[in-house]
Amino acid sequence: MASTSFPIFDVTPAPPDPRLRDSHGRAITDLRVSVTDRCNYRCVYCRTGNDGAQYTELPIADYARIIRVFVSLGIEKVRLTGGEPLLRKGLADLVEEISSLDPKLDIALTTNGHLLEDLAVPLKRAGLNRITVSMDAVDPEIFARITRVPGSYERVLRGVRAAQAAGLGPIKINAVLLRGFNDDQVEAFARFSREENVIVRFIEYMPLEESSADQNARPWTPEIVVPMDEIIARLEQFRPLVALPQNHTSETARRFTFDDGLGEIGIIAPVSRPFCGHCSRVRLTSDGKVRTCLFSQTDHDLLGLMRRGASDADMAAWIRAVVMHKEARHHIGEPGFLKPSRSMVHIGG
Ligand code: SAM
């Protein structure tokens, strides 16, 4: 008997997109977690030089739980930062816990590199995928003038090489240029990228510094920012640049190599070319507050909710509601701009 055949359509509804979304339609896939408010450097454009940590830190198990809840909401990349994250006891345990959540999760760390020489291998073994080292000069004297720690350049360089040897590459080096202070380092950084096989990324200075009356401080002004176009012009004088394609749409850096394909440079220009429209980030401070923008005027007390006995599902619902109110963009350079309620080192960069 002939059977009746029906055209086959797949009527299974598409699974709902589990990713966090804000009210501007942006998917939030990138979580930055500060694991300590302490830092062993006192960089002149970041900290006053006198003040220490201002906020507490949570037990490692609390960060692990919060990160687990975020990952259940579609977070794809977790970056550990601080303060200085390598000062934090139990960091490798946290990395191990995070890496056990989902093998596809991208786990990265931003560090000043001072303690990296000894920690690169344990962190790699724990499951860390990638590392970014902040270096604002490749000249030992200028470097120490910025960090206010003698001998810091040599230590960080050993840390970068140890991370490279441990397989934490491609290593990214983040440099914040300040006019009249380290902006003569552009060509030297280009050479550094080529010789050390690292990606050097220049980041425009943002108004996120601690306020200070210190004479060494470099408070933010529009004039001190070295904008992207100027960095590109200086690099072009060194060697012709060739633009590289974006890795993904929310990538913050414009990428370049040189005409011979050696070296990679990224330029992150939040001041002269804001990229808020593609922002995929949410942040957790060391004391358990959620921040939806670097320039937020408030933060949201996730730790308080946890301490009141919230379940993971309660926390997830709360996070969804908070992220919904993520700011559309920052207002750097506009009349009436207000500095955020915390400076960079106390947020987690
Ligand atoms: N201690 C770690 C480090 O040095 O990488 C992590 C924290 S640090 C605050 C993170 C990054 O923020 C560093 O690369 C630093 O250069 C950058 N940063 C600090 N203040 C900044 C500012 N006002 N504008 C742009 N970047 C800033």
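Each ligand, and each atom within it, is numbered from 1 in the order the structure gives. For the single chain, residues carry numbers from 1 onward in sequence order.
Contact check on Arg307 versus Asp62 returns a salt bridge, with a Lys/Arg side-chain nitrogen under 4.0 Å from an Asp/Glu carboxylate oxygen. One finds no salt bridge joining Arg194 and Glu264 here, because no Lys/Arg side-chain nitrogen approaches an Asp/Glu carboxylate oxygen to under 4.0 Å.
For Tyr41, the side chain to side chain donor-acceptor pair (under 3.5 Å) partners two or more places apart in sequence, or in a different chain, are His114. For His330, the ring pair (Phe, Tyr, Trp, His ring centres under 6.0 Å) partners at least two apart in sequence or on another chain are Phe295. Contacts of Arg125 classified as side chain to side chain donor-acceptor pair (under 3.5 Å), with partners at least two apart in sequence or in another chain: none.
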Put together the list of close N/O pairs, under 3.5 Å, between ligand 1 and the protein, could you?
residue: ligand 1; atom: 1 (N); partner: Gly83; partner atom: O; Å: 2.8
residue: ligand 1; atom: 1 (N); partner: Glu84; partner atom: OE1; Å: 3.0
residue: ligand 1; atom: 4 (O); partner: Ser134; partner atom: OG; Å: 3.4
residue: ligand 1; atom: 5 (O); partner: Thr111; partner atom: O; Å: 3.4
residue: ligand 1; atom: 5 (O); partner: Ser134; partner atom: OG; Å: 2.5
residue: ligand 1; atom: 14 (O); partner: Ser134; partner atom: OG; Å: 2.7
residue: ligand 1; atom: 16 (O); partner: Tyr45; partner atom: OH; Å: 2.6
residue: ligand 1; atom: 23 (N); partner: Met206; partner atom: O; Å: 2.7
residue: ligand 1; atom: 24 (N); partner: Met206; partner atom: N; Å: 3.0

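No side-chain donor-acceptor contact under 3.5 Å links Gln164 to the backbone of Val160.
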